[in-house]
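Beneath this line is the structure, given in structure tokens, with notes to follow.
Order of appearance sets the numbers: ligands from 1, and atoms from 1 within every ligand.
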Amino acid sequence: MNKSSQGRRLWNEKIETMSEEELRALQWKRLKRQLRYDYDHSITYHEKFKEVGLTPREIRSFADFQKLPLTTKDEHRRAQQKSIERFGHPYGLITCAPIEKIVRISSTSGTTGVPTLYTLTTHDVKVLNEMHCRKYWRAGLRPGHIVLQALSLSMFTGGLPLSDGIQAMGLCCVPVGIESGTKRVIDFIELTKPQVLIATPSFGEYLIEKAPSLLGKEAKDLGVRWFFCAGEPGGGIPSVRKRLHEGFNARVFDHTGGGHAFHGICCGDEEYRGMHFISPDHCILELIDPETKKPVEMVEGAIGEMVFTFIGWEGGPFLRYVLGDMLQIFTKPCECGFPGIRFKIMGRGDDMLIVKGVNIYPAAIKDVISHFHPRTTGALKILLDRPGPLVKPPLRLKVEYGEGVKEVERETLKEELRKYIREDLRVNPEIELVPPDSIPRETGSTGKLKLIEVVKGVR
Ligand SMILES: [Zn+2]
């Protein structure tokens, strides 16, 4: 790669700087082709068209397209199961490509129950890698940078598939993987000297806390200049971003590659303005009302449940797929100068809690607790007596007070936390303060820190 091409700001200037009209035309062309393909190659999707009495040819507008039924994760799992019963393998109903063209299977991580499988062909792997390149290029990474990947590697979409994308950009990938244990990750940071760390924000916070005792130096002296958050919402939480930024002296990025086609990365400025949607040529994004499931207009500030449709995909393209994630979108140009609409993930559908009719996301509670740092360590657990979303009030929180917070100060801290949560989140929590380091930081094999703990007999 020569010097001038390294200096460009975008990986794929042709696509990434398309005008809105050009992009819309490209999306529509690819969508039409994709719908025909899905209809012809997947029994599940074929039935969806039949359900509303439409054929791909009869879909002449975006409004027509929105008449197609949504696909849920449960439906996806059921289709896999039915396929096993019918064909002896899970790829017969929802998957479009024939088995011999599928070169990779990956899955979501850490979720309970039957995993949903993502099936990719050689073409899809190329598209996925291109999206990873777009994200890291925007963040300022260039060939020669060393990237240490400390997420869960196995199966997870942010695991080995991500390693492949990192290499596709010409970066040097050190895929250590959190499964190998915190100690090994830290040893490899010392040994390989990465400038870039990809990890969960909670692992980053853990490193900041522990670096002095484990390594005899501050996290900011490790030479990490980019911290990419993944797997947890912390990359979009201002107080967490600030701690990571100061703790590592690094630029902090929030990024996502949901379902393989929906990719975004934030600007990397101190102020968080959401993530830029960087894959509109391979993913159609819609918002719907979470109650009525009716489309929500994609205007500045709109909030709704995310629906995505893959375009220009072969293996297991999603068709109007809902994961339950709530997004807010921003269509006005961003101050950073990068093109494209932006989105903030308000909460993951699986995580949402309902307390006395108020919807609340663990990430929002985490934000409040981290906001009180250093009077709190930022660590907390939400204790439930049964899995959510419905919570029998009061909402119970276990929160670590910070190092050196005296007993007399704790009552005031508790009261302030309670007041802040009541005013900010409209729920009245019951808070138990516990000493620093008493809530486990190890994130287990999935690499994600669980904020929610279901405790039998909690009350
Ligand atoms: Zn921006």
Side-chain angles (χ1 to χ4, degrees), residues 6-24 27 130-142 145 147 158 162 165 169 171 195-198 201 204 225-246 248-258 261-287 298-304 306 308 325-347 363 367:
Q6 284 229 16
R8 71 185 197 271
R9 283 187 86 202
L10 299 164
W11 173 260
N12 187 335
E13 285 185 318
K14 183 166 171 266
I15 294 284
E16 292 179 80
T17 58
M18 266 189 177
S19 70
E20 234 181 283
E21 293 73 46
E22 283 174 314
L23 184 61
R24 218 170 286 153
Q27 282 184 323
E130 154 90 17
M131 298 310 157
H132 289 315
C133 297
R134 286 186 197 174
K135 286 186 286 192
Y136 295 124
W137 193 274
R138 276 191 192 206
L141 302 194
R142 296 294 180 267
H145 283 134
V147 184
L162 180 58
M169 212 199 92
L171 298 163
Q195 299 93 347
V196 188
L197 206 54
I198 306 179
R225 291 299 162 258
W226 284 266
F227 191 103
F228 288 91
C229 299
E232 290 171 4
I237 299 176
S239 51
V240 175
R241 290 177 61 78
K242 190 164 178 278
R243 282 193 73 193
L244 293 173
H245 167 65
E246 286 167 2
F248 283 96
N249 187 23
R251 290 176 77 198
V252 180
F253 287 87
D254 190 16
H255 69 331
T256 188
F262 178 69
H263 293 261
I265 184 157
C266 74
C267 329
D269 292 348
E270 242 166 87
E271 188 199 340
Y272 186 70
R273 293 184 288 258
M275 289 183 256
H276 286 255
F277 177 39
I278 58 101
S279 56
D281 53 329
H282 282 282
C283 180
I284 305 261
L285 175 66
E286 299 172 68
L287 293 182
M298 302 278 283
V299 292
E300 174 77 16
I303 294 177
M306 170 171 82
F308 55 31
D325 294 348
M326 292 294 289
L327 295 189
Q328 180 171 30
I329 65 148
F330 306 91
T331 54
K332 286 189 183 149
C334 185
E335 281 170 49
C336 76
F338 279 128
I341 66 164
R342 283 162 293 133
F343 60 89
K344 281 185 184 169
I345 299 177
M346 315 282 287
D367 189 21

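Counted within 6.0 Å of CD on Glu20, heavy atoms from surrounding residues, nucleotides or ligands total 12 or fewer; the atom is thus considered open.
Within the 4.5 Å cutoff, the side chain of Phe228 has heavy atoms near those of the Tyr136 side chain.
Legend: salt bridge (Lys or Arg N to Asp or Glu O under 4.0 Å) pairs involving residues 334-345, not counting sequence neighbours, sorted by first then second residue: Arg273-Glu335. Within the structure, side chain to side chain donor-acceptor pair (under 3.5 Å) contacts touching residues 275-285 (residues at least two apart or in different chains) are Arg30-His282, Arg134-Asp281.
Partners of Phe343 according to the ring pair (Phe, Tyr, Trp, His ring centres under 6.0 Å) rule, which considers only residues two or more places apart in sequence or in another chain, are Phe262.
Between Trp137 and the options Glu16, Arg8, Arg9, His132, a side-chain contact (heavy atoms from CB on, under 4.5 Å) holds for only Arg8.
Counting only protein N, O or S atoms, the number found under 2.8 Å from the Zn ion (ligand 1) is 4.
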